[in-house]
Asker: 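Just dropping this structure here.
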Amino acid sequence: MGVDRAMLWSVLGWWAWVWVATALAAVLTLVVLVLGVLRRHRPVILPGLPFYLDESRVIELCQQGGYGDIAKRTIREFVKRNTDGSFGFTSQWFKLGRGANRGHETETSYDVHVTANTLLGLALKSLEAQHGMVHADLTAGVVRGDRAWRRTRSPRLSEVHDGYVVVQGKFTVAAESRDEVVLHARIGEHDARVRVVCHDGHLRRKEVPEGPFNVRCLGKSQAWRPESGELVILPIAVLQ
């Protein structure tokens with residue numbers, strides 16, 4: 001066997017090395033492609049159950065990342081499971097009407113959360129692929145982003161202008177009116193705070209907890225108000 005191999009190399013000469021290198025390159029390319037596919041389909045999770053969801057903005061984010069068809073199919077499947085339009089809550093996520101005549105509020109609520117979390121996962125994957133998201137732990141005062149973000153932007157949350165952020169911290173209801181609920185969260189040990197205004201059209205008000213509660217909020221940084229020490233975030237989804 002050793003003689004045959006030696007004869008093969010002697011006959012093929014340097015072409016054997018070319019073929020070996022080509023084969024290795026093909027294998028490496030295949031591995032990279034497989035890893036890319038696996039990474040693209042890896043679930044991205046924002047822990048918690050949403051009580052606020054701006055579904056139209058979530059769909060827009062999904063479309064930007066090429067997940068629009070998956071998002072629409074997810075919504076169609078949800079609507080199909082709720083064909084009578086019964087909905088035991090005041091909000092109208094996914095274009096379902098009001099009412100509770102179906103008599104399965106727990107099941108319907110579960111369907112809503114599963115659908116919302118699926119869409120949020122797609123939206124987050126879209127933002128991550130575009131290097132367009134900053135994560136902030138408000139309690140610890142830690143801000144992080146990917147390498148592309150760190151090369152071009154400040155690590156200070158107050159200087160993240162017009163960018164998407166995921167903030168987590170302890171929030172309280174600062175104000176409440178007929179049309180909206182205002183949430184505040186302190187930033188670290190400073191007097192600064194995050195301000196999130198949840199409009200009633202996207203809010204399941206009955207699920208907003210009382211007292212301080214832990215929140216993860218996906219939103220877009222709108223403005224830093226130095227006079228009041230507030231970072232205003234336009235919420236896309238708020239989870240508890």
Side-chain angles (χ1 to χ4, degrees), residues 44-79 82 87-98 108-130 132-136 138 160-169 171 173-185 194-209 213-223 230-240:
V44 181
I45 300 173
L46 196 60
L49 298 178
F51 59 82
Y52 184 89
L53 182 72
D54 188 336
E55 63 271 26
S56 61
R57 288 184 177 272
V58 170
I59 298 301
E60 289 175 4
L61 292 177
C62 292
Q63 290 175 332
Q64 290 174 14
Y67 302 106
D69 291 340
I70 301 176
K72 291 176 182 178
R73 184 166 64 248
T74 301
I75 294 176
R76 283 197 299 268
E77 291 174 354
F78 172 79
V79 173
N82 298 272
F87 204 65
F89 303 93
T90 56
S91 62
Q92 297 183 14
W93 294 359
F94 315 130
K95 304 185 186 305
L96 287 183
R98 302 182 182 183
T108 305
S109 176
Y110 176 77
D111 289 344
V112 170
H113 288 146
V114 169
T115 304
N117 283 6
T118 300
L119 295 176
L120 283 173
L122 296 174
L124 289 170
K125 287 171 70 173
S126 174
L127 289 172
E128 285 186 344
Q130 300 173 63
M133 187 165 50
V134 176
H135 293 264
L138 302 179
V160 179
H161 301 303
D162 197 34
Y164 289 98
V165 296
V166 173
V167 296
Q168 65 181 79
F171 282 71
V173 176
E176 191 171 356
S177 68
R178 180 179 178 181
D179 301 323
E180 63 185 27
V181 172
V182 181
L183 303 178
H184 279 173
V194 165
R195 175 186 174 88
V196 176
V197 180
C198 299
H199 297 287
D200 231 35
H202 307 293
L203 178 67
R204 300 175 72 176
R205 193 181 285 249
K206 292 182 180 179
E207 296 188 9
V208 179
F213 54 96
N214 293 318
V215 158
R216 280 183 171 85
C217 173
L218 166 64
K220 196 166 188 180
S221 179
Q222 284 192 304
E230 287 183 333
L231 175 66
V232 181
I233 293 178
L234 174 68
I236 295 174
V238 183
L239 301 89
Q240 187 255 335

Asker: Once you round to the nearest 0.5 Å, how far does CZ of R204 lie from SG of C198?
Answerer: 13.5 Å

Asker: K72: which residues meet the salt bridge (Lys or Arg N to Asp or Glu O under 4.0 Å) condition with it, sequence neighbours left out?
Answerer: none

Asker: So L124 and V166, side chain to side chain contact (heavy atoms under 4.5 Å, CB included) or not? Walk me through it.
Answerer: CA-CA 10 Å; L124 289 170; V166 173; 4.1 Å; yes

Asker: Rounded to the nearest 0.5 Å, what's the gap from CD on Q168 to CG on L218? Could you check?
Answerer: 13.0 Å

Asker: Minimum heavy-atom separation for A71 to I59, with atom names?
Answerer: CB-CD1, 3.9 Å

Asker: Return the minimal non-hydrogen interatomic distance between A237 and L120, and the atom names on each side.
Answerer: CB-CD2, 3.4 Å

Asker: Can you check whether L119 reaches I75 side chain to side chain, under 4.5 Å on heavy atoms?
Answerer: yes

Asker: Could you measure the distance from the CG atom of L183 to the OH atom of Y52? Nearest 0.5 Å is fine.
Answerer: 10.0 Å

Asker: In Å, rounded to the nearest 0.5 Å, how long is the span from OH of Y164 to CD1 of I236?
Answerer: 5.0 Å

Asker: Is there side-chain contact between Q240 and F171, with heavy atoms separated by less than 4.5 Å?
Answerer: no

Asker: Do H202 and R57 come within less than 4.5 Å of each other through their side chains, counting heavy atoms only?
Answerer: no

Asker: Supply the atom-to-atom distance D111 CG to W93 CH2, rounded to the nearest 0.5 angstrom.
Answerer: 13.0 Å

Asker: When rounded to the nearest 0.5 angstrom, what distance separates CZ in R195 from CG in L231?
Answerer: 11.5 Å

Asker: Give the minimum heavy-atom separation between P50 and N117, together with the two atoms involved.
Answerer: CD-OD1, 3.4 Å

Asker: Do V112 and F78 make a side-chain contact, defined as non-hydrogen atoms from C-beta onward lying under 4.5 Å apart?
Answerer: yes

Asker: Determine yes or no for a side-chain-to-main-chain donor-acceptor pair under 3.5 angstrom, with T74 supplying the side chain and I70 the backbone.
Answerer: yes

Asker: Can you sort out the partners of E176 under salt bridge (Lys or Arg N to Asp or Glu O under 4.0 Å), two or more places apart, ordered by chain and number?
Answerer: R205

Asker: Between L53 and A116, which heavy-atom pair has the shortest distance, and what is it?
Answerer: CD2-CB, 3.8 Å

Asker: Which atom names give the shortest non-hydrogen contact between L239 and F51, and what distance separates them?
Answerer: C-CE2, 4.4 Å

Asker: Who pairs with S56 by side chain to side chain donor-acceptor pair (under 3.5 Å), at least two apart in sequence or on another chain?
Answerer: D54

